[in-house]
Asks: 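Once you've had a glance at the structure underneath, I'll fire off some questions.
Order of appearance sets the numbers: ligands from 1, and atoms from 1 within every ligand. A quick note: this is a predicted structure, and the numbers were derived from the prediction, not measured.
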Amino acid sequence: MIIDLRSDTVTKPSLEMMEAMMTAKVGDDVYKEDETINALEEKVAQQFGKSHAMFFPSGTMANQTALKLHTNPGDQVICDQYAHIYNYEGGGASFNSGISCKLLDGHRGMFTASQVEEAINPPEFYHSPLTTLVEIENTTNKGGGACWDFNEILKIKDLCKTHNLGFHLDGARLWNALVAKNETTVQYGAAFNTISVCLSKGLGCPIGSVLVGDEAIMKNAIRIRKILGGGMRQGGFLAAAGLYALEHNIERLEEDHIKAKQLGDVLLKSSFVKKVEPVETNIVIFQLNEKYSENDFLEVLSDKNIKIISMGNGKLRLVTHLNYSDNQHDKVVNVLEKL
Ligand SMILES: *Cc1c(COP(=O)(O)O)cnc(C)c1O
């Protein structure tokens, strides 16, 4: 059996989740007649204290829609150099919205309010792109599942307000951060204009993301989603998985965090590792010393039926998730200890 630690997106729906999906009441969501999607959107909006939420087939599409809602062509978004919207959305910021990214050199994907302040182009200086949006990620993916300091988020929020900038959160793994730091959806809802969350990461759904925001910003979201090809019909079968996951799969994220921490500790003590990023949630990023080349190491693990991925620049990543069982964990710990 393969032990797949490449990502928390590799999970398969449980029997209980599939049961919820198979028995969902559905309708045509393009006519807003899918009651399960409507219920999911209402629930997530309410959790974040926002008036509107919209179901999306992917987190990328939810983020891309948010970028479009906040900007006009030629504008600039401030984000970290590790940002998913910059690195892993196929160049969509420029393709879909015609905007550029001002990249900040943060720490593990996180930056400070004063870095943001310095990066805002003065609106009257027409030679520069107009800054209209600040985007952050929590937890940071390329930053190794690191969690933001909420006080810094509030400082950036104030700055955005002063400079009339939108503030978007890529919360693909926000629930991991909430569980790790004992924070709430409501406090995040109050800090951001828009938030995207993924149901298909730690929450274990096969498909689905949600974008939340208040009416003023969200009123055009349905048009943008349509343009991007994300208007779905009887998508309630998928939304049902989301409703199930919100009910059953959030608290258990703690287990993923514990296992990730244990893997990080094993790696720290091993003879082949140069550096392990501090483990805060379910992602472990580490670098090898000269004992193994990256390819050799991936092959050694692969021979033991363990899959992890390379993030480039000598960084390797492993991610724990709900299909990573206690037995698998024991085996991985054992393999790593013997390398
Ligand atoms: C996974 C992820 C997304 C969304 O990716 P999809 O594959 O489109 O669902 C967005 N942001 C971050 C940080 C992610 O890790």
Side-chain angles (χ1 to χ4, degrees), residues 4-13 40 44 54-68 77 79-93 95-97 101 103-104 106 108-111 133-148 153 167-178 180 188 192 194-212 224-225 228-230 232 235 238-239 241-242 245 253 256-257 260 277 280-285 308-312 315 317-322:
D4 197 341
L5 294 171
R6 289 171 303 166
S7 175
D8 48 9
T9 54
V10 300
T11 56
K12 308 224 171 108
L40 175 68
V44 179
M54 184 159 286
F55 187 57
F56 282 82
S58 74
T60 297
M61 196 188 284
N63 279 337
Q64 289 299 315
T65 297
L67 295 181
K68 184 70 194 153
V77 52
C79 63
D80 191 90
Q81 60 180 345
Y82 281 3
H84 194 277
I85 57 160
Y86 175 72
N87 290 289
Y88 301 122
E89 300 190 3
F95 190 95
N96 296 313
S97 297
C101 298
L103 300 179
L104 300 184
R108 303 185 70 201
M110 302 172 292
F111 43 80
L133 177 64
V134 177
E135 190 266 4
I136 76 162
E137 211 170 289
N138 200 19
T139 68
T140 66
N141 178 347
K142 210 171 157 67
C147 303
W148 276 74
I153 290 177
F167 195 21
H168 173 67
L169 170 64
D170 176 351
R173 294 190 180 81
L174 181 61
W175 280 293
N176 293 89
L178 299 184
Y188 274 81
F192 291 89
T194 49
I195 299 176
S196 62
V197 289
C198 284
L199 303 163
S200 55
K201 299 270 163 85
L203 263 53
C205 295
I207 291 174
S209 285
V210 181
L211 180 67
V212 298
I224 306 302
R225 188 184 66 178
L228 296 176
M232 294 187 285
L238 303 171
L253 290 171
D256 299 344
H257 299 174
E277 295 291 346
E280 296 181 37
T281 53
N282 68 329
I283 302 179
V284 186
I285 287 187
I308 69 168
I309 60 163
S310 162
M311 300 286 281
K315 288 182 181 172
R317 186 185 81 169
L318 53 87
V319 187
T320 56
H321 52 73
L322 61 63

Asks: Tell me whether Asn141 has any N or O atom under 3.5 angstrom from an N or O of ligand 1.
Replies: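 Yes: some nitrogen or oxygen of Asn141 is under 3.5 Å from one in ligand 1.
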
Asks: Side chains of Asn138 and Tyr188: any donor to acceptor distance under 3.5 Å?
Replies: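 Per modelled atom types, Tyr188 and Asn138 side chains form a pair under 3.5 Å.
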
Asks: Just to confirm my output: which protein heavy-atom neighbour is closest to atom 11 (N) of ligand 1, and how far is it?
Replies: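 Atom 11 (N) of ligand 1 sits closest to the protein heavy atom Asp170 OD2, 2.6 Å.
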
Asks: Output the distance between atom CG (Leu103) and atom CD (Gln81), rounded to the nearest 0.5 Å.
Replies: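 Reported value, rounded in 0.5 Å steps: 7.0 Å.
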
Asks: Determine whether any heavy atom of Met61 lies closer than 4.0 Å to an atom of ligand 1.
Replies: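 No heavy atom of Met61 comes that close to ligand 1.
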
Asks: Quick one: are Ile136 and Trp148 in side-chain contact, heavy atoms under 4.5 Å?
Replies: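 They are in contact (side-chain heavy atoms under 4.5 Å apart), so the answer is yes.
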
Asks: For Arg173, counting its heavy atoms only, list the atoms of ligand 1 lying under 4.0 Å from any of them.
Replies: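 Per the distance check, 15 (O).
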
Asks: Quick one: pull up OG in Ser196 and CG in Leu211 and give me the separation to the nearest 0.5 Å.
Replies: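 Answer rounded to 0.5 Å: 6.5 Å.
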
Asks: For Asn63, counting its heavy atoms only, list the atoms of ligand 1 lying under 4.0 Å from any of them.
Replies: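 Answer, ordered by atom number: 10 (C), 11 (N).
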
Asks: Ion pair present between Asp8 and Arg173, side-chain N to carboxylate O less than 4.0 angstrom?
Replies: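 Salt bridge present between Asp8 and Arg173.
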
Asks: To the nearest 0.1 Å, how far is atom 3 (C) of ligand 1 from its closest protein heavy atom, and which atom is that?
Replies: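 Minimum-distance protein heavy atom for atom 3 (C) of ligand 1 reads Lys201 NZ, 3.2 Å.
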
Asks: Return the closest protein heavy atom for atom 7 (O) of ligand 1 as residue, atom name and distance.
Replies: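 For this ligand atom, the closest protein heavy atom is Thr60 OG1, 4.4 Å.
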
Asks: State, without any angle test, whether His321 and Asp4 hold a side-chain donor-acceptor pair at a distance under 3.5 Å.
Replies: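 No, because no side-chain N or O of His321 sits under 3.5 Å from a partner of the opposite role on Asp4.
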
Asks: Is any side-chain heavy atom of Asn176 closer than 4.5 Å to one of His257?
Replies: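 Side-chain contact under 4.5 Å: yes.
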
Asks: Any idea which atoms of ligand 1 are less than 4.0 Å away from a heavy-atom of Glu137?
Replies: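 Numbered from 1, ligand 1 contributes 13 (C).
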
Asks: Among all protein heavy atoms in this structure, tell me which lies nearest to atom 9 (O) of ligand 1, with the distance rounded to 0.1 Å.
Replies: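 For this ligand atom, the closest protein heavy atom is Gly59 N, 3.0 Å.
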
